[in-house]
Each structure stands twice: as structure tokens, then as C-alpha cells.
Participant: 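This is the structure I want to talk about, given as C-alpha cells.
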Protein chains: 2
Amino acid sequence: MQYFRTRIIIVEDNKTVREGFALIINSISKYFVVNTYDNCEDAIKNVKKDKPDIVLMDLELPGISGIEGIGEIKKIMPNVLVLVNTIYENSDLVFQALCAGASGYITKNSNHSELLEGIEEVLQGGAPMSSKIAKMVVTSFQKNPNSPLSNRETEVLELLAKGKSYSMIAKELFITKETAKSHIKNIYSKLQVNSKSEAIAKATQDKLI
Amino acid sequence: MQYFRTRIIIVEDNKTVREGFALIINSISKYFVVNTYDNCEDAIKNVKKDKPDIVLMDLELPGISGIEGIGEIKKIMPNVLVLVNTIYENSDLVFQALCAGASGYITKNSNHSELLEGIEEVLQGGAPMSSKIAKMVVTSFQKNPNSPLSNRETEVLELLAKGKSYSMIAKELFITKETAKSHIKNIYSKLQVNSKSEAIAKATQDKLI
DNA sequence: ATATACATCCCCTGAATAGGGGATGTATCG
DNA sequence: CGATACATCCCCTATTCAGGGGATGTATAT
């Protein structure tokens, strides 16, 4: 019987929350909380033994952060599904967690059913997120509409960011190398930078390309 | 009264679907379907007059594509919210639509209530997506776990992609310029490329960085 | 009419890069 | 004990880049 249950571990430093989650999850017969931890280190140490299908992960933890913890756990068991459960909704943490390998990101004001729905959605191959986080994620695909760069300059900068040389840029845009250089000079002046790497860094940060 | 309603336009080439959507949406008193179009060109032409809050957009259209249409409409009215409604769920289209400025992406097998929920979620500043699409989007943040590159090589390639020079890479990684070059040579050989721009292109495509 | 932005092209010089060639030492893995 | 991957360092030469200086023509604003 137990072999067919979804194995879940919980990493959460607050005892009350941790035990509450375990109770809620264990109340569903197809789920089975293998273990709970109040820090990442112990979870990482035992993940091979625990063989979880899902890790329910807090981010604000003593010792190594939840973000790093996700990476470590995914390194050991790449197929484990990590569902982040935290109070934080600021964009850096969300993207860091997703980049580290999280499959979903729900927040702690979720009620019991949202937690269980999140787990179920992760299991079904989905990516549960709050509405606000979904919006942040979608917005991250979109360019800054207030770019100071002209269309042509943006084209040049995109090619530069792809590692193209001046002459390759010139060839692709059917202009001379000198024109490409002129555009780049203007880009540098508009972005107030004076090197290629600074320009790419600023453009990436400000989502100009 | 009408002034307080959410103004919606529908771009959809199938007459039955188009009129069906209009009926469903107009059945909610706070929504108001200003106009419907069977192609993007007309929608773009009239968007200034229509002043929509939301555009419900099909992607498979005669004439210019829905993707381009999103871009054009957002260029004219940057604050309009575009909700894509299509049968296609393949990743390229999804990402193209999001990059072009879509705020949500729902699929046509959605029932009426999903359509209305999508509209409401977009209005509330969210980003409605199907579970499958949310997963695609989240996965797009994650690196390829089967990278052929070593950790060091990945670091070097990341800096290269940021436009850093060999000497800057060397300085940042506390190695000599020659070592950095060696890593780059090895990267080129592993990725079967022979230039910086090809390496960056391949790495980006395969999500190695 | 007069700026201002945009896109295009030219020249110069010193420094950096690309793409070859090789070498060494340390792990790790059969 | 080899073989292999990894990370480190050295040399060489043609090409390219950065950053400076200008110039021209066309739109678009003001």
C-alpha cells in the first residue's frame, strides 16, 4: 500500500507550521510524509534515503538557504519535484527559486486546500503559482516599453549580446562595419556605459533586449 | 453606466466562436464587447477608437499573425491587456506571445467559466495560464541538467555571454587569460562550434547557461 | 525654419581577441 | 596501472575591437 503513495518531505523551520502541514498532508491517503526537517542540511543528508517524490520547501531557513537547498536536492535527485512554500513574494527570490529548480511557488497565506491543490498540480506535471507570481513570471518575458534606444540600436545591441562581431552585425543588417560602430557608440552614450559588457549587462537588467 | 464597464474586443476568425464568446462575455453586466474582428489588421486599425481594456486574441488568423498583432496593438495602446485564446499549446507560440506582450494564455478547450475567470484574472493583474503552459514557462527558467560542460566551463561561458573580455573573465575567476582561453577552446570543441557567437547561441538554445 | 533624432558612412591607433599549437599536475574511474 | 577529464599556463599571428574624431541625408518636432 505505502509503495503507491506519493512520498513527501517537508523542510520548514517553524515547528507548528511544519507539524500542521504534515497533519494536513497525511490526512490524504495517497500522500505520505516520509520525514520533516527544520533545516536544509539535514534534508539534503537524508534525501537519498527518504526518496521523496515531492519536497515542500520553505525559503527562510537557518543555515543554508532554501534556494541553495533546492539546487543541492535537485543535484542529488533531479526528478524530485520541489514546491516552494514561503511568505516571500519578492521577485528575486521567486526567480532564484525557479532557476534553482522549483516546480511551483505558493505562499503561506494559502489555506489547506490550496496547499493540497498545489501538491496535486505539481504531481500532475503543472506549476502552481499565485496569480501575482504568475504575473511576475509572465512580465519577465516582456521588454521594457520605455527603452531609450531606437529600433535599429536595439537590433544592433541584440546581435552584440549574441556575441556577434562588428562585421557580422554589419553583414546581418546590410550596413557597413562603421555604421554598426556608430550605433554602438550611440548605444553606449545613451546607456551611459563605455564597454560592451556594461552595455549588455545594463540592457539585460533593464530588459531593453 | 457603460463608462464603468470593462471594454473588450475579440479577434477571432471563426464566426461561430467569435459570436459565442461575445455572447458569453456580454452576459456579464460589468463586461462590454465593444467590437469583434475576424482579422488583426482591422482590429489594429480600430483600436484607438475602440479603446479596449482587454483584447481577447486568437493566434491562427488570416493575414498578419496574432503574435505580430499583439505587438502592434501594444505599440498603440501599451496598457491594453491581451489575453490569448488559441488551440495551440506548443512552446514557441506561447513564448512568442508572452514576449510580444500577452498577459495571459488560455486554450480553447476551456469552458465558459474558464474564459470568464481568465478575463477576471487578467483584470485583477494576474496572468491566467493552463497548468501545462505554467509548467513550460517555469521550466524555461531552469538549466539543462545534462550539460556537457564542466562547472568551470559553464562559469566561463556565462561571463563570455555577458560580453566580458578574456582578461576580464580571467580577472573575475582569478586565473590567467591563457587559462580562460583554454576553457573557451574546450567549450567550443564540446559544443562543436568555432566562434564565440555560435557558442553563445548554442548555449542559450540548449539552456546550458 | 531650425533643431533634434536617426541611420548611414569614413579614418585613425593602440589594445584585445580568435583560433591554432602545446604542456603540466591532479583527480577520478575502470 | 593506464585512460580520461579537468583546470591551469605559455606562445604565435592575423584579425577585430574600443574609443576618439568627423560627415551626410532624411525625417520629425518645435
Side-chain angles (χ1 to χ4, degrees), chain A residues 48 75-76 78 143-204 206 208-209, chain B residues 48 71-72 75-76 78 143-204 206 208-209:
Chain A
K48 267 193 161 162
K75 214 177 283 173
I76 299 167
K143 284 188 193 170
N144 184 342
N146 305 314
S147 170
L149 303 180
S150 71
N151 290 339
R152 199 55 156 175
E153 286 161 352
T154 304
E155 280 183 283
V156 171
L157 188 51
E158 276 168 357
L159 293 172
L160 204 62
K162 280 180 187 158
K164 308 273 181 174
S165 73
Y166 286 20
S167 16
M168 291 170 85
I169 293 174
K171 204 169 284 175
E172 287 198 37
L173 299 180
F174 304 105
I175 55 181
T176 67
K177 191 198 306 184
E178 298 303 323
T179 305
K181 287 181 62 172
S182 256
H183 285 307
I184 290 169
K185 276 188 291 186
N186 293 331
I187 291 167
Y188 288 3
S189 123
K190 283 187 180 177
L191 300 187
Q192 295 178 277
V193 299
N194 45 29
S195 76
K196 183 170 54 159
S197 64
E198 284 180 284
I200 295 174
K202 190 164 183 68
T204 306
D206 294 354
L208 306 178
I209 54 171
Chain B
K48 268 194 162 164
E72 292 301 317
K75 215 178 281 174
I76 300 167
K143 285 190 193 169
N144 185 342
N146 304 314
S147 170
L149 303 181
S150 70
N151 290 339
R152 199 55 157 175
E153 286 161 352
T154 304
E155 280 183 284
V156 170
L157 187 51
E158 277 168 356
L159 292 172
L160 204 61
K162 281 180 186 158
K164 307 275 180 174
S165 72
Y166 286 20
S167 14
M168 291 170 84
I169 294 174
K171 202 169 288 175
E172 288 198 36
L173 299 181
F174 304 103
I175 54 181
T176 66
K177 190 198 306 184
E178 297 305 322
T179 305
K181 287 180 61 169
S182 254
H183 284 307
I184 291 170
K185 276 188 291 188
N186 292 332
I187 292 166
Y188 288 2
S189 122
K190 283 186 180 178
L191 300 187
Q192 295 180 279
V193 299
N194 44 31
S195 76
K196 180 172 56 159
S197 64
E198 283 181 284
I200 295 173
K202 192 167 183 66
T204 306
D206 295 355
L208 307 178
I209 56 171

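Values below: all heavy atoms of this structure, side chains included; hydrogens, waters and symmetry mates excluded. Proteins come first, then strands; the chains are lettered A, B, ... in the order of their sequence lines, and each starts at number 1.
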Participant: What residues, two or more places apart in sequence or in another chain, satisfy side-chain contact (heavy atoms from CB on, under 4.5 Å) together with S197(B)?
Facilitator: K164(A), M168(A), S195(B)
Participant: Of all residues at least two apart in sequence or in a different chain, which pass the side-chain contact (heavy atoms from CB on, under 4.5 Å) check with K196(B)?
Facilitator: K196(A), L160(B), Y188(B), I200(B)
Participant: Please list, chain by chain and in numerical order, all residues satisfying side-chain hydrogen bond (donor to acceptor under 3.5 Å, both in side chains) with K143(B), sequence neighbours excluded.
Facilitator: E158(B)
Participant: Checking side-chain polar atoms at under 3.5 Å, does S182(A) have a donor or acceptor matched by the opposite partner on T179(A)?
Facilitator: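 Side chains of S182(A) and T179(A): no pair found under 3.5 Å.
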Participant: Sequence neighbours left out, what passes side-chain hydrogen bond (donor to acceptor under 3.5 Å, both in side chains) with K190(B)? Give chain and number order.
Facilitator: E153(B)
Participant: For T154(A), which residues count as a side-chain hydrogen bond (donor to acceptor under 3.5 Å, both in side chains) partner, sequence neighbours excluded?
Facilitator: none
Participant: Once salt bridge (charged side-chain N to carboxylate O under 4.0 Å, His left out) is applied, do any residues pair with E155(B), and if so which ones, sequence neighbours excluded?
Facilitator: R152(B)
Participant: With sequence neighbours left out, what residues match K171(A) under side-chain hydrogen bond (donor to acceptor under 3.5 Å, both in side chains)?
Facilitator: none
Participant: Begin with the C-alpha distance, continue with both residues' side-chain angles, and end with the deciding distance and a verdict on side-chain contact (heavy atoms from CB on, under 4.5 Å) for H183(B) and I175(B).
Facilitator: CA-CA 11 Å; H183(B) 284 307; I175(B) 54 181; 4.2 Å; yes
Participant: Distances under 3.5 Å only, N/O to N/O: pair up the protein atoms with those of nucleotides 4-7 of chain D.
Facilitator:
from: dC6(D); atom 1: OP2; to: K190(B); atom 2: NZ; distance (Å): 2.8
from: dA7(D); atom 1: OP2; to: S150(B); atom 2: OG; distance (Å): 2.3

Participant: Expressed in angstrom and rounded to an integer, what is the separation of M168(A) atom CE from dT16(D) atom P?
Facilitator: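 These atoms are roughly 11 Å apart.
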Participant: To the nearest angstrom, how far is I187(A) atom CD1 from dG19(D) atom C1'?
Facilitator: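 My rounded result for the distance is 15 Å.
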Participant: Could you pull out all residues at least two apart from A203(B) that satisfy side-chain contact (heavy atoms from CB on, under 4.5 Å)?
Facilitator: L157(B), L208(B), I209(B)
Participant: Please write out the pairs of protein N or O atoms and N or O atoms of nucleotides 14-16 of chain C separated by less than 3.5 Å, giving the distance to one decimal.
Facilitator:
none

Participant: In whole Å, I'd like the distance from the CZ atom of F174(A) to the P atom of dT8(C).
Facilitator: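 Atom-to-atom, F174(A) to dT8(C), this comes out as 12 Å.
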Participant: Going by the rule side-chain contact (heavy atoms from CB on, under 4.5 Å), which residues pair with I76(B) if we only count those two or more places apart in sequence or in a different chain?
Facilitator: I44(B), V47(B), K48(B)
Participant: Between protein and nucleotides 20-30 of chain C, map the contacts as a letter string: B base, S sugar-phosphate only, - none, heavy atoms under 4.0 Å, written 5' to 3'.
Facilitator: BBB--------
Participant: Please give, in whole Å, the distance from dT17(C) C1' to K196(A) NZ?
Facilitator: 9 Å
Participant: Between L159(A) (CG) and dC17(D) (C1'), how many Å, whole number?
Facilitator: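 Going from L159(A) (CG) to dC17(D) (C1'), I get 16 Å.
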